[in-house]
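Each ligand, and each atom within it, is numbered from 1 in the order the structure gives.
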Amino acid sequence: MGKDVIVACDFPSAEKTFEFLDKFEGRKPFVKIGMELYYAEGPSIVKEIKKRGHKIFLDLKLHDIPNTVKKAMSVLSSLDVDICNLHASGTIRMMEAALEGLTREDGTRPLLIAVTQLTSTDSESMQKDLLINEPIDKVVMHYALNAKKAGLDGVVCSPLEAGKVHSVCGSDFLTVTPGVRFADGDIGDQKRVMTPAQAKIEGSDYIVVGRPITAAQDPVAAYERCVREFVD
Ligand code: C5P
């Protein structure tokens, strides 16, 4: 898969999601379904969006004992999603079990990527709450390497970290990066942001863009602008 723009469909219902997706008559965007929408609508929302011809990143960030994650991944694999994810902090063994569960009988499987440290976790909370005393960027790179050792395809990270992840884990290791804003747009609650064009220069493979597209007056035009800046 080449570079692409993934639209974060952070909507509370199928109705709102389809109202949004119906606007796209040309190119069908790669869609991210997160916990809010999946927990509201269940597997049917995945099947329906897939049937409409969209690729899907199912962002459920699994984290449990290896056996439970393996079985849950095998269910997600049968939903025919294109990318799914888990927390790297669940250990290498959990990530290996996840890959096993995800792999279908014919050997095919969705891509599997890991969340390293959430961008909402800063150095202070990592040290005080989690008793992790290493610098945060060292932790992120260590978790990325663990994901690679376990056989995963890449990580979710900030576009600011994409270049370093590629230099540590190899250029084929995917970087999927949220925190993207247009140069003239609202930052909202994201702290460290980059434009689609900057994320491209940093070497990000997929950008995940939510509100700059979903809350735009003309979402299709905003999506096309992202594609122009990042892909073309
Ligand atoms: O609206 P916005 O462009 O900020 O949406 C970004 C999407 O990426 C949201 O679905 C958010 O949950 C997700 N995300 C993030 N930062 C992370 C991981 C996921 O913003 N570290």
Neighbouring residues of ligand 1, heavy-atom cut-off under 4.0 Å: A8, D10, K32, T119, P178, R181, Q190, V208, V209, G210, R211, P212
Could you walk me through whether R109 and L99 pass the side chain to side chain contact (heavy atoms under 4.5 Å, CB included) test, one step at a time? CA-CA 8 Å; R109 63 167 175 82; L99 263 190; 3.5 Å; yes
Smallest heavy-atom separation, M126 atom then E134 atom, equals CE-O, 3.3 Å
Would you list the atom pairs, donor with acceptor, under 3.5 Å between side chains in residues 110-122 and any protein atom, with sequence neighbours excluded?
unit_1	atom_1	unit_2	atom_2	d
D122	OD1	E124	N	3.4
D122	OD1	S125	N	2.9
D122	OD1	S125	OG	2.8

Please state whether the rings of F30 and Y206 are parallel, tilted or perpendicular, taking 30° and 60° as the class boundaries. perpendicular
Is it true that E229 and R225 make a salt bridge, defined as a side-chain N closer than 4.0 Å to a carboxylate O?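 The answer is yes: the pair qualifies as a salt bridge.
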Please determine if K50 and D82 form a salt bridge, counting it only when a charged side-chain N lies under 4.0 Å from a carboxylate O. yes
